Structures are given as C-alpha cells and as structure tokens.
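Scope of the values below: all heavy atoms of this structure, side chains included, with no hydrogens, waters or symmetry mates. These figures come from a predicted structure and were not determined experimentally.
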Protein chains: 2
Amino acid sequence: MATMAVENYLKHVLLLSEGGDGLVSMGALAGALEVVPGTVTTMIKALADEGLVEHQPRHGVRLTHDGRRLALSVLRKHRLVETFLVNVLKMDWSKVHEEAEQLEHAISDEVLDRLDALLGHPATDPHGDPIPTRQGKISSQVYGTLATCVVERDVRVVRILEQSPEFLQFAEHHRLQPGAMLHVVDRNLTAGMVTLKPGTGRAIAMSLTAAGKILVQPER
Amino acid sequence: MATMAVENYLKHVLLLSEGGDGLVSMGALAGALEVVPGTVTTMIKALADEGLVEHQPRHGVRLTHDGRRLALSVLRKHRLVETFLVNVLKMDWSKVHEEAEQLEHAISDEVLDRLDALLGHPATDPHGDPIPTRQGKISSQVYGTLATCVVERDVRVVRILEQSPEFLQFAEHHRLQPGAMLHVVDRNLTAGMVTLKPGTGRAIAMSLTAAGKILVQPER
DNA sequence: ACTTTTATTTTGACTCTTCAAAGTAGCGTG
DNA sequence: CACGCTACTTTGAAGAGTCAAAATAAAAGT
Ligand SMILES: [Mn+2]
Ligand SMILES: [Mn+2]
Ligand SMILES: [Mn+2]
Ligand SMILES: [Mn+2]
C-alpha cells in the first residue's frame, strides 16, 4: 500500500499538471505540499524508482500510467468525501477540504463504493470539481469564467477554482455555488469589475481577478 | 496532535485494562498491537515521558488522566465509525473493525459530532460495545453470558465479546446480534454445550466457550 | 561573454517507529 | 538456595519522511 506521503505527492502532481505541458516543477510541488524543495527532490527520486513518476532532473516530473492511476483514486476519494461531508453531514463547504485531506488516505475501496452509491454517483463535488470515475476517467471539460464569458447573458455557475476558506465563504454569501443561475450585467475592463444579477437577490460586484475564479456555462 | 501509533497504543492500553487490576503487561500490548515486545517498551517509555501513561518497569503500564482522555476519544471515534458503516452504509459487521482501525485516526471532532447526531447518539456500536460520550464517560455495566445466565429463561443479547470475522459471521448467521431475544433451553456442563431457541427459527447449539463470548441480559 | 539570480539537487542530520538479537530481572520448582 | 524459564528491557540498526544549509545548474541581465 502506498503511504500517506506518497498519495499526497502523486495527487498534487496530478493537480498541478492540469493545464500545463504536463511537466510539474519541484518548486510548485514544494509549495503545494508545504515542504522544502530538497524534500521534494528526495521523494520524487524514490517515486521514480517505484515507477510512479518520470523525473527529468532540473526540468520536472510527470506521472507514469501507474502513478496516474493511484493519483486518480486518491482524488476520487478526496472529492467523494467532500461531497459526503457537505451533502450528508451538512458541513460548511469551506471546511471540508481539510477534512478530506486526511480521510482520503483512510478510506477503503469498499467504503468508497458504498459512499458513492449513497450519494447517487455524483459527477462533481461541492466545489464543482469533477470526480474521477472508479475506472479512472475524469471529465476535463473547458468552461468560461465570469471574467471571460459573454455579457448580458444568463450563465450557470459550474465550478469554483479558488478554494481558500475566505473565497468560498464569500461565494457562499452571494450564493455563487455550482448550479446557481445568474445574469452577467456588465464587465468593465478599465475598472476591472464585473457586475452580476442573481436570479433572486441584489446585484453583486466583484473584481476581474475574483470573477476569473468562477467557472460558468452559458444558459439556454 | 497525537500520531497514529500513539493513538493506537493508548487505545489498546485502555481496552486491555478493562477488568484487570489496571496494570497492562507489555506482552499483552505487544500481542494486541502486533509488534515485538521491545518496541512496546520503547514506545511506552516515550509515552511516559509525555505524561500519557505511568510505567512501572517490569510490572506494567496504566493510563494517566490525559492518556485516558485521549484513549477514550479514539475509542469513541472507532465505535461511532463502526456504527456508521453498519447502520448507514450497510456494511457487514464482521468487516467494519478493520475499516474503523484506520478511520479512527482521520476523523476530526467536528465530523465526529455530526456523525453522532446523524446516528441519533447511539449508546453502543453494532457489536454492543459501549460508545464513550463526548465527555469521556463510558458505561461499564456488567452482564452475564450465555455460559453463565439462568437457564429456561428468556434473555436478550447485548454484546458480542469475540469479534473475529469468523465468530461474527457465525453469530450473524444465527441472528445472535445485540437486541435479539432468545430462550436458554438447556446447559450441559458435562458436554460443555448450551442450547438456545431464538424467538423465530430453529434451535442453536454451541459450546460453552462460544457461549461465554455472548453477553446477555435477563428479559422481563 | 560575464555576472547575478533563481531553481534544483546534494549532503548531513534529525524524529518516529519498528525489528532482531543480546542482556537482565524475577519467579517458581526442585 | 540455585537453576532455568519467561517476561521484559536494552542496544544497534533500519526505513520513511523531513529540514537546513551548501553545492550546482540553468536562466536571465547587463
Ligand atoms: Mn491528503
Ligand atoms: Mn473540492
Ligand atoms: Mn487504529
Ligand atoms: Mn465494535
């Protein structure tokens, strides 16, 4: 069995390789895993020996087939656990990431399958992050953001990219959660602001930076 | 935070001190934790330095107040998780111990409280083991067993002491689960056998040894 | 091209948990 | 009381994961 550390390294290589040339830098990993760079080099060398990653010294690292399989299984656990914590235990979606960070290493495949069934085989977690299937397939659909989509149109929130507790609380406060429908009233590049009108409630204004963290889908 | 190993040691000291003079032997711990005795000595010395146990060299170990508090919290997690796995996820009660052995170290107090509420604040787990309260109280009621209780009377099963998968499967097969009512037909000390008649179904015969693993309460 | 900056790797050390094997204390039996 | 068995402790070594700090390679500036 893979240790906790191994699972965390692989999962973060997977997450960081989303939308890059596929090569993940040691520095990025060190930052994400909150360890010093030397530690990453050491661990990656070990993972390469195990055939879980391919390391190109001084350039970066990518997952092998086996490594990717393992990483996807950890990510599936993480996101299904988050979904359980929010949908069943009614926990705040800004807190579940931390919990899942531990639980993802303690859950067996059998428990996971039952959790999946209990939740109705969800395709995404509470943040809109896609949940890998048991077979290791993960949706990689490309969406626009509130900073880039067409204005004066209705859109549906599909995913929140920035998942710091603060940002998630801000989003929740304005009911900007996956599934929420809203109208993009205006976007002012000069001022760097976007104005939104939710289906119900008052208008919301936010910076382009914040708007870029919210993925949306054109509606109707 | 206490590491996984520390939590396991403390939990097993607690479990093994049930019904002894309070002193747990190194050998018993080594057996329960599946490590060699020397390892236990080393670890216990460390725990004593941390003020979690009191070690009397060559005699045994007992929990301090702090150690007991921690051990009870781990045990509470273990048993609530088992209850969740059986009651909500419908897992086989012979498999949940292993799962809980991992999950007990990954669950936060907040998740635990919500789980507790979801389950309706159960007093016992699926095996009839008492669940410590959040305040660290644990019921220590004394029950008879099918090997010792009065014959020709109705009794209710309250707890299964032997929790190997095989024994639990045997018990389940005969519906000998906490809550089950049955009539103690006969006990033959010479043959070392006990005969039972469940409320519904055919009579069950089992050895005194097996019967001694099943705690019961006189009914009505 | 030469120099400075930045990213990565290497080295040596440390903590935690474990084992194998050798040493020791305590006990009961004769 | 001495012997020998058993339980316990000690010692030395190992693997996993980490950090601090020094060394090196690559990239960026001048
Ligand atoms: Mn994790
Ligand atoms: Mn998520
Ligand atoms: Mn455990
Ligand atoms: Mn139990």
Side-chain angles (χ1 to χ4, degrees), chain A residues 1-14 16-17 20-63 66-67 70-71 74 101-102 104-106, chain B residues 1-14 16-17 20-63 66-67 70-71 74 101-102 104-106:
Chain A
M1 255 311 102
T3 64
M4 231 178 242
V6 167
E7 291 186 345
N8 280 330
Y9 274 81
L10 295 176
K11 188 186 67 175
H12 279 106
V13 174
L14 177 65
L16 291 169
S17 61
D21 57 346
L23 265 254
V24 177
S25 77
M26 300 291 114
L29 271 174
L33 292 159
E34 304 184 75
V35 294
V36 302
T39 302
V40 175
T41 303
T42 307
M43 184 78 224
I44 288 297
K45 221 167 31 173
L47 293 180
D49 286 349
E50 304 243 320
L52 294 170
V53 301
E54 186 189 329
H55 183 202
Q56 315 202 324
R58 291 206 125 96
H59 291 280
V61 69
R62 69 158 50 87
L63 294 171
D66 278 5
L70 230 163
V74 177
E101 204 55 53
Q102 299 308 313
E104 67 190 356
H105 311 292
Chain B
M1 257 309 101
T3 64
M4 234 178 241
V6 167
E7 291 187 343
N8 280 330
Y9 275 81
L10 295 176
K11 188 186 68 174
H12 279 105
V13 173
L14 177 66
L16 291 169
S17 60
D21 56 347
L23 266 254
V24 176
S25 76
M26 300 290 115
L29 271 174
L33 291 159
E34 303 185 73
V35 294
V36 302
T39 301
V40 175
T41 302
T42 307
M43 183 79 220
I44 287 297
K45 223 167 28 173
L47 294 181
D49 286 350
E50 305 242 320
L52 295 169
V53 301
E54 186 189 327
H55 183 202
Q56 315 202 324
R58 271 172 156 122
H59 287 93
V61 69
R62 70 158 49 85
L63 294 172
D66 278 4
L70 230 162
V74 178
E101 204 55 52
Q102 299 308 311
E104 66 190 356
H105 311 292

Checklist entry - Base, sugar-phosphate, or nothing: which does A:Gly27 touch, judged by heavy atoms less than 4.0 Å apart? => result sugar-phosphate
List the atom of [X], the atom of [Y], and the distance in Å for their closest heavy-atom pair.
| X | Y | value |
| --- | --- | --- |
| A:Gly22 | A:Arg62 | O-CB, 3.6 Å |
| A:Val36 | A:Ala30 | C-CB, 4.2 Å |
| B:Ala2 | B:Val6 | CB-CG1, 3.9 Å |
| B:Ala48 | B:His55 | CB-CB, 4.3 Å |
| B:Ala32 | B:Leu16 | CB-CD1, 4.1 Å |
| A:Glu7 | A:Glu104 | OE1-O, 4.2 Å |

Checklist entry - Can any side-chain N or O of B:Thr39 pair as donor or acceptor with the backbone N or O of B:Val35 at less than 3.5 Å? => result no
Checklist entry - Got a donor-acceptor contact below 3.5 angstrom from the A:His12 side chain to the A:Leu10 backbone? => result no
Next on the checklist: From CG of B:Leu29 over to P of D:dC8, roughly how many Å is that when rounded to an integer?
Outcome noted: 9 Å
Checklist outcome for this item: From NE2 of B:His59 across to C1' of D:dT9 the rounded distance in Å is 14 Å
Checklist entry - Could a donor-acceptor pair under 3.5 angstrom be found where the side chain of B:Arg58 meets the base of D:dT9? => result no
Checklist entry - Of A:Gly38 and A:Thr3, whose closest DNA chain D nucleotide lies nearer the 5' terminus? => result A:Thr3
Item to check | side chain to side chain contact (heavy atoms under 4.5 Å, CB included) partner of B:Val53, chosen from B:Asp66, B:Ile44, B:Val24 | outcome: B:Ile44
Next on the checklist: With a cut-off of less than 4.0 Å, is there a side-chain N or O of A:Thr39 near OP1 or OP2 of D:dC19?
Outcome noted: yes
Item to check | Those residues of residues 42-55 of chain B lying under 4.0 Å from DNA chain C by at least one heavy atom | outcome: B:Thr42, B:Met43
Next on the checklist: With a 4.5 Å cut-off on side-chain heavy atoms, are B:Met26 and B:Met43 touching?
Outcome noted: no
Checklist entry - If we only count heavy atoms from C-beta on, is the B:Tyr9 to B:Val61 side-chain gap below 4.5 Å? => result no
Checklist outcome for this item: Angle separating the five-pair end axes of the helix from C:dA1-D:dT30 to C:dG30-D:dC1, nearest 10°, is 10°
Checklist outcome for this item: chain B reaches DNA chain C, atoms under 4.0 Å from its heavy atoms, from C:dT17 to C:dA25
